[in-house]
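Lettering of chains follows the sequences in order, A, B, ..., and the numbering in each one begins at 1. Keep in mind that the numbers below use all heavy atoms, side chains included, and drop hydrogens, waters and symmetry copies.
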Amino acid sequence: MIRVEDIHKHFGALHVLRGITLDIARGEVVVVVGPSGSGKSTLLRCVNLLVEPDEGRVFIDGVHVNTPDIRPEWVRQQVGMVFQSFNLFTHLTAVQNVTLGLIRVKGTDKDAAEKRGKELLARVGLAAKADAYPAELSGGQQQRVAIARALAMDPKAMLFDEPTSALDPEYIREVLDVMTALAREGMTMIVVSHEMGFARGVASRIVFLDEGKVLEEGPPEEVFAHPKNERTRAFFSKILR
Amino acid sequence: MEAPDVVSVAKGHPRYLTRRTGIRYLEMAVGAILFLILLQLALGYDVLDGGFWSRFAGTYARGFIGTLTYTAVVIPVSAVIGFFGGWARVTRHRVLSWPVAVFVDFFRGIPPLVLVIFAYLFGPDFLPQQLYSRGMALTIAALAIAFHSAAYQVEIFRAGFQSIPRGQMEAAEALGMSRWQTMRHVILPQTFRLSLPPLGNEFATVIKDTSLIGIVGASEMVALGQEFNQQVLISGTGPLVWIFAVWTIIALTYFAITFLVTRLLLGLEHRYHTPGLEAISL
């Protein structure tokens, strides 16, 4: 479904990704963990080409996408993304946020888009908030709108960049619940997160990233219980209790 | 039909159009008029004097039309330059942003009065001979005022563009929107909303700055008013108190134009108001 092959990325003198290869099968939920600055966000952004890898290849459904022949806009329609800081469009209502991509990118007519938008908002439990503006919503509600917005494009896979780290503790649950439901429905997901409960319960694989390299990967039970790498062990001992 | 109660209007469209803002405008207008009436009483002149108007009406009409025309040229021209200049300032292309930075420094750093004089004297030299005329020289002087204001507006729009969090652009791109679509549907609507209040300020300033074009002989209110007053003073075409009447009329006219334009912008502001965004509501 998604394959990244030996990708490298530099930001000036900083070598952020140092040859990462990952294969994600359809329906898999991969949770990426690692210390800050390890390249997790950059890795996600390389998948939908928000960041162009300097070297290496990205495949989506077997198609090599980081070539000049393929429009990055097309790639981004295949893969939805949810951000740490929600990034809702503040001048639009919840339902307008959800339908903007449908109307402008997919060319869906307004009524059909609105209907679909309301369905998606209902799916994330926000049917009643369709006409609310982002500034009138709590963090958890905003993040759920952002998930609905990404889902509106009917993506083949979803990327989550620390979706709960900007949230107050009382709102984390509601966002994780939506993500769990999505995973159970068979959505392919790459999630950068330190929510270990979510990782244990939902992830099919944990990938531990450090200094731009994959140090360890495997099923959560295995990686959490018996980390092979010294650094992985040190990291987990700090965040798992 | 009864006029809608301000409070019920406020219920439908929360946080603007409250009773208090309405009252504030009313107070301002009544205050200004009362002040002028008191001034009249103290100085012993009458702006409604028939003899005065039979002399002044023609001059006033020409000045009023002149000022309106200059305003109608200067505001759109400066706003268009300001908008695209502000946009150019935030692009990554140095070829676009750098010349605009120079433009801003130049036209913001020189007194508008000096700009007008230089534009009038030397502006036509840059045009082909057959276009050379006094009217053309005055137009260039008006453009100098427009450029001066545009320099400020570039900065207003630049701030507007830069106030949009980068994450929103990323989110739009992540949806598969093109750069242009992102600009059109995500960035620009918010830039406009954020730029409106300082823009109102700038328009209010530039309306009065059009009087500087009078320095080089343009027909606008201040210059023509002054000319009229000179005649009163020197040739004795009327009592000296007419001078006060002339300035009072001119002041009221500028007030009215400024009030109208700023109210128009305030209306736009309310139309594009986003609930929940403002930290403090009126």
Side-chain angles (χ1 to χ4, degrees), chain A residues 41 44-45 47-51 71-94 96-107 129 131-138 141-142 145-147 149-155 158-161 166, chain B residues 10-16 83 87 90 92 157 159-199 265 267-282:
Chain A
S41 287
L44 275 196
R45 280 168 172 73
V47 172
N48 67 352
L49 304 183
L50 277 182
V51 167
R71 289 168 49 239
E73 286 89 354
W74 179 83
V75 181
R76 292 170 198 149
Q77 285 175 55
Q78 316 300 311
V79 187
M81 185 159 187
V82 173
F83 301 87
Q84 178 176 5
S85 47
F86 332 135
N87 298 349
L88 291 183
F89 309 129
T90 43
H91 63 304
L92 301 178
T93 61
Q96 286 169 336
N97 264 279
V98 178
T99 56
L100 186 67
L102 273 178
I103 295 168
R104 300 298 165 188
V105 180
K106 291 215 158 179
K129 294 289 184 184
D131 295 321
Y133 283 87
E136 300 173 311
L137 299 173
S138 73
Q141 290 170 333
Q142 288 192 54
V145 172
I147 294 173
R149 174 175 69 179
L151 288 175
M153 302 303 287
D154 271 325
M158 289 276 282
L159 310 172
F160 291 86
D161 186 12
Chain B
K11 242 183 235 159
H13 307 272
R15 294 190 195 100
Y16 57 87
F83 170 69
W87 189 342
V90 296
R92 281 171 294 181
F157 280 109
F161 277 108
Q162 289 180 334
S163 311
I164 320 293
R166 196 175 139 64
Q168 287 191 39
M169 210 155 118
E170 213 177 22
E173 279 173 25
L175 285 174
M177 290 170 77
S178 66
R179 262 183 184 280
W180 168 243
Q181 285 175 324
T182 304
M183 202 57 178
R184 164 81 184 73
H185 299 291
V186 175
I187 310 293
L188 286 186
Q190 301 188 69
T191 302
F192 272 120
R193 192 182 58 76
L194 290 164
S195 303
L196 280 172
L199 218 50
L265 282 179
L268 279 176
E269 228 178 278
H270 290 161
R271 233 190 101 182
Y272 294 108
H273 164 89
T274 304
L277 259 195
E278 289 84 0
I280 296 168
S281 55
L282 293 173

Query raised in the report: How long is the gap from CD1 on A:I103 to CD on B:Q181, to the nearest 0.5 Å?
Result: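 It is 11.5 Å, given to the nearest 0.5 Å.
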Query raised in the report: Roughly how far, to the nearest 0.5 Å, is the CZ atom of A:F89 from the OG1 atom of B:T182?
Result: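 Going from the OG1 atom of B:T182 to the CZ atom of A:F89 covers 7.5 Å.
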Query raised in the report: Can you check whether A:L100 reaches B:M177 side chain to side chain, under 4.5 Å on heavy atoms?
Result: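 Counting from C-beta outward, A:L100 and B:M177 do come under 4.5 Å.
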Could you have a look at [options] and say which one has the most heavy-atom pairs with chain B under 4.5 angstrom?
options	result
A:M153, A:Q77, A:R104	A:R104
A:W74, A:F86, A:Y133	A:Y133
A:E73, A:M81, A:H91	A:H91
A:N48, A:L137, A:L50	A:L50

Contact part of [X] toward chain B, heavy-atom cut-off under 4.5 Å: side chain, backbone, both or neither?
X	value
A:F83	side chain
A:L88	backbone
A:T90	both
A:V79	backbone

Query - Shortest non-hydrogen contact between A:A135 and B:P275, atoms and distance - result: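 Nearest pair, atom of A:A135 first, then B:P275: CB-O, 3.9 Å.
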Report task. Please report the shortest heavy-atom distance between A:R149 and B:A171, naming the atom on each side. Result ->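 Nearest heavy atoms, A:R149 then B:A171: NH2-CB, 3.3 Å.
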Query raised in the report: Among all residues two or more places apart in sequence or in another chain, which pass the side chain to side chain donor-acceptor pair (under 3.5 Å) test with A:D161?
Result: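 Partners of A:D161 by the side chain to side chain donor-acceptor pair (under 3.5 Å) criterion, ordered by chain and then number, come out as A:S41, A:R45.
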Query raised in the report: Got a sec, which residues hit side chain to side chain contact (heavy atoms under 4.5 Å, CB included) with B:F192, two or more places apart in sequence or on another chain?
Result: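 Expected list: B:F83, B:F157.
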Report task. Could you have a look at B:M169, B:R166, B:H185 and say which one has the most heavy-atom pairs with chain A under 4.5 angstrom? Result ->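 Among the listed options, the one with the most contacts to chain A is B:H185.
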